[in-house]
Amino acid sequence: MNNTEPTENHADLHYLQLLSQSFPNIAEASTEIINLEAIMALPKGTEHFLADIHGESQAFQHVLKNASGNIKRKVNELFGNDIRESEKKELCTLIYYPEQKLELIKANETDLDDWYRITIHQLVKVCRDVSSKYTRSKVRKSLPEEFSYIIQELLHESLSDIDKAAYVSVIVNTIISTGRADDFICAICNVIQRLAIDQLHILGDIYDRGPGAHIIMDTLLQYHSWDIQWGNHDILWMGASAGNDACICNVLRLCLRYANLATIEEYGINLVPLATFALEVYGDDDCREFMPLLMPGNEMDEKTQLLTARMHKAISIIQFKKEAEIFHRHPEWMMEDRCIIETVNPGKHTCTIGGQEYPMSDSNFPTLSPTPNTQHPTPNPQHPTPNTQPPTPNTILLTPEEADLMQKLHHSFRISEKLHKHMRTLLSHGCMYAVHNSNLLFHASCPLNADGTLKEVEIYPGKRYSGKDLMHNIGMMIRSAFENTGEYPKEYARDYFLYLWCGKDSPLFDKSKMATFERYFVTDRETYKEEKGNYFKLRDAAEVCDHILDAFGVEGPNRHIINGHVPVHASKGENPIKAGGRLMVIDGGFSEAYHKETGIAGYTLVYHSRGFQLVQHEPFTSARDAILRGTDIKSTTQIVEMSAHRMLVADTDKGHELRAQVTDLQALLYAYRHGLLKEKRV
């Protein structure tokens with residue numbers, strides 16, 4: 001190891017003076033260098049990638065607990081044929097759900113002390129294996145305080161040493177005799193879950209469709225290390241919390257569409273005014289196009305279904321009005337063609353899309369009225385109005401009753417402490433994109449031109465960006481909506497959430513249109529088509545992915561794009577590995593609403609020291625089934641890419657950081673040894 005002399009090209013003396021406050025002498029600086037060099041020689045920590053969770057909290061929590069099968073794999077490797085398959089299954093279930101499983105075991109086990117003794121030894125063996133990638137210091141910080149010393153002793157003592165075997169046995173027996181076995185088992189199981197995954201990456205869309213987005217957020221608040229690349233559904237909720245009324249309407253519409261109001265209720269959003277309004281205005285409407293989509297297990301009587309449908313329609317009409325208001329406010333977005341609600345002709349049961357008139361399945365719009373300043377005069381029999389006269393556009397102004405309702409809903413979203421706590425968490429842990437260990441992560445797309453080059457997108461008048469700069473500045477726009485000193489005007493940033501949700505060139509949407517209005521009201525299914533952007537058309541080409549990776553500065557011989565957003569139709573033979581292995585799409589339909597369409601229940605990706613493994617999951621039944629019968633998510637593991645050598649911390653981004661720290665510390669040693677800085681004794 002060479003000592004490095006401080007130069008202008010390295011850390012200057014002022015920086016070294018600051019560094020010396022942490023390492024005041026040669027001994028401490030040398031010790032830290034030894035520590036950092038040793039850390040770089042450890043195996044790379046395991047990364048876990050999930051996308052498009054969509055409120056499926058039970059499946060999400062189970063995938064976290066079993067680390068996408070990583071814990072089961074380790075149990076199989078450790079115990080092989082030494083114990084029966086049923087015993088390995090029981091051990092895995094205990095690790096996933098220790099409190100619940102213990103209750104079942106204690107009710108049926110005849111020799112509980114013997115079971116405790118065997119199980120504790122097995123758990124220590126698993127814990128020793130999952131902790132082997134980490135320094136003792138990192139493991140120690142992961143341990144619960146009350147059992148920290150005991151777990152450390154058990155992890156670092158070997159039963160093969162005769163002198164230590166008795167010592168270990170006494171520790172285990174004393175845990176049992178003092179009545180602490182249950183607490184100890186729960187503690188060590190949680191440590192195993194914690195150490196099985198070093199870093200969790202969520203590639204967007206925690207919210208909507210499923211009932212437990214708030215539970216997922218509560219889980220993440222306690223999780224040791226995670227990041228998120230925001231998805232379009234996360235952005236919708238962030239926009240709602242920032243006060244964008246169109247986003248508020250969209251959030252409520254989706255919750256009503258899937259009859260999942262648990263998250264709304266948990267956030268304290270008062271829906272009584274919406275229910276009252278819906279009954280008053282749409283009380284005679286069967287709202288057949290707005291009936292909720294009920295998932296298995298979501299029971300709802302006919303009366304409640306009809307009320308939900310009426311609320312669903314009421315908020316949808318307000319949504320289309322609020323969206324049109326924002327689209328007119330920002331003609332630069334070129335989305336005024338999506339103000340279809342202005343073209344509705346209830347008398348003819350038609351609306352106009354792209355200059356063409358289409359029949360409608362529902363024409364009951366009691367809150368629409370013609371725009372006052374464009375009303376036609378009373379017909380004069382002597383001067384008949386020609387048949388070619390254009391239809392009178394409808395006003396997008398809310399009725400007084402709608403405006404009053406919207407004010408109450410807006411207030412409810414703005415004062416929800418838990419909602420804002422969760423949104424602040426998304427902001428602090430999230431961004432539009434990230435680069436980790438030669439992997440480019442984003443939720444949906446990177447806008448492209450037809451020839452595969454990066455597309456410039458105007459996100460603010462006069463501000464056009466592409467690729468990495470586009471993602472960065474959109475991130476700054478999002479943060480500006482929550483700050484008074486952001487880079488963009490707060491009011492514009494608040495409106496921009498709607499463009500990110502449904503704008504043609506939004507990296508979170510990237511389609512020709514969002515045909516929500518057409519699906520509810522237009523009978524011609526051709527109008528439902530949403531043409532995907534160029535990214536989705538071209539992403540199978542290796543050269544296109546290489547161009548994107550170059551633009552984001554992603555380096556390394558094995559670099560990848562990883563994203564979700566569009567479900568992979570595994571049942572139709574679609575492969576989630578694209579562009580010669582450069583692109584991995586891990587949205588396999590986590591949401592129960594997509595299971596029939598995709599044929600599976602999601603993909604997750606595991607990146608450990610030996611390479612990538614893609615895990616394809618079958619639908620998760622329930623945590624109760626897992627506890628009672630030892631069932632697990634049935635998963636198929638596909639080896640995507642294996643490394644020629646076992647990757648070390650030195651091969652990762654963290655390793656580059658540590659190497660830079662070593663270089664700085666070597667310069668500090670030089671400064672001490674050559675009298676540029678004086679050592680301090682502590």
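Position 1 is the first residue of the sequence, and the numbers go up from there.
Remark: aromatic rings of His54 and His233 are close, center separation under 6.0 Å. With ring centers used as reference points, His422 lies under 6.0 Å from Tyr267. For an aromatic pair to be called close, the ring centres must be under 6.0 Å apart, and His201 with His48 fails this. Aromatic ring centres of Phe442 and His565 lie farther apart than the 6.0 Å criterion allows.
Separation of atoms CD1 (Ile548) and CD (Glu543) is listed at 11.0 Å; rounding is to 0.5 Å. Atom CG of residue Leu236 and atom CG of residue Leu500 lie 10.5 Å apart, to the nearest 0.5 angstrom. Rounding to the nearest 0.5 Å places CZ of Arg659 at 13.0 Å from CG of Asp664.
Looking at Leu427, Ile474, Ile202 one by one, the single match for side-chain contact (heavy atoms from CB on, under 4.5 Å) with Trp230 turns out to be Leu427. Checking each of Lys138, His224, Lys133 against Asp198 for a side-chain hydrogen bond (donor to acceptor under 3.5 Å, both in side chains) leaves exactly one that passes, namely Lys138. For the side-chain hydrogen bond (donor to acceptor under 3.5 Å, both in side chains) with Ser148, the qualifying choice from Glu145, Glu146, Gln152 is Gln152, the only one to do so.
A salt bridge links Arg73 with Glu77; the closest basic N to acidic carboxylate O contact falls under 4.0 Å. A salt bridge does not link Arg494 to Asp245: none of the charged nitrogens lies less than 4.0 Å from a carboxylate oxygen. A salt bridge is absent between Asp651 and Arg646: the closest approach of a Lys/Arg side-chain nitrogen to an acidic carboxylate oxygen does not fall below 4.0 angstrom.
Thr453 contributes no side-chain N or O that, together with a main-chain N or O of Asn449, makes up a donor-acceptor pair within less than 3.5 Å. When atom types are taken as modelled, the side chain of Asp234 and the backbone of Gly231 share a donor-acceptor pair closer than 3.5 angstrom. For the pair Ser416 (side chain) and Ser412 (backbone), a donor-acceptor distance under 3.5 Å is absent.
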Between Arg582 and Asp546, is a salt bridge (charged side-chain N to carboxylate O under 4.0 Å, His left out) present by the stated rule, with each step listed? CA-CA 8 Å; Arg582 290 168 179 80; Asp546 278 335; 3.0 Å; yes
Going through the distances and angles, do Asp469 and Lys463 end up as a salt bridge (charged side-chain N to carboxylate O under 4.0 Å, His left out)? CA-CA 11 Å; Asp469 289 338; Lys463 301 285 187 180; over 6 Å; no
List the steps, then state whether side chain to side chain donor-acceptor pair (under 3.5 Å) holds for Thr219 with Gln61. CA-CA 8 Å; Thr219 302; Gln61 289 177 325; 3.0 Å; yes
Verdict with supporting geometry, Gln199 and Asp227, side chain to side chain donor-acceptor pair (under 3.5 Å): CA-CA 8 Å; Gln199 179 72 21; Asp227 56 77; 2.8 Å; yes
Can you check side chain to side chain contact (heavy atoms under 4.5 Å, CB included) on Tyr433 and Leu441, steps first, answer last? CA-CA 6 Å; Tyr433 80 98; Leu441 317 179; over 6 Å; no
Could you walk me through whether Asp505 and Lys455 pass the salt bridge (charged side-chain N to carboxylate O under 4.0 Å, His left out) check? CA-CA 9 Å; Asp505 290 326; Lys455 184 174 186 178; 2.8 Å; yes
Would you sort out whether Lys418 and Glu266 count as a salt bridge (charged side-chain N to carboxylate O under 4.0 Å, His left out), showing the intermediate values? CA-CA 8 Å; Lys418 187 163 187 175; Glu266 183 68 20; 2.7 Å; yes
Passes side chain to side chain donor-acceptor pair (under 3.5 Å), His420 versus Ser241? Steps please. CA-CA 7 Å; His420 287 278; Ser241 73; 4.6 Å; no
Please determine whether side chain to side chain donor-acceptor pair (under 3.5 Å) holds for the pair Tyr465 and His472, giving the CA-CA distance in whole Å, both sets of side-chain angles, and the decisive distance to 0.1 Å. CA-CA 9 Å; Tyr465 304 99; His472 170 76; over 6 Å; no
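Judged by the 6.0 Å distance and 45° axis criteria, Lys44 is positioned over the aromatic ring of Tyr607.
Under a cut-off of 6.0 angstrom, the local environment of NZ in Lys141 is sparse, with at most 12 non-hydrogen atoms contributed by other residues, nucleotides or ligands. Within a 6.0 Å radius of NZ in Lys504, other residues, nucleotides and ligands contribute 12 heavy atoms or fewer.
Gln613 and His608 share a side-chain donor-acceptor pair at under 3.5 Å.
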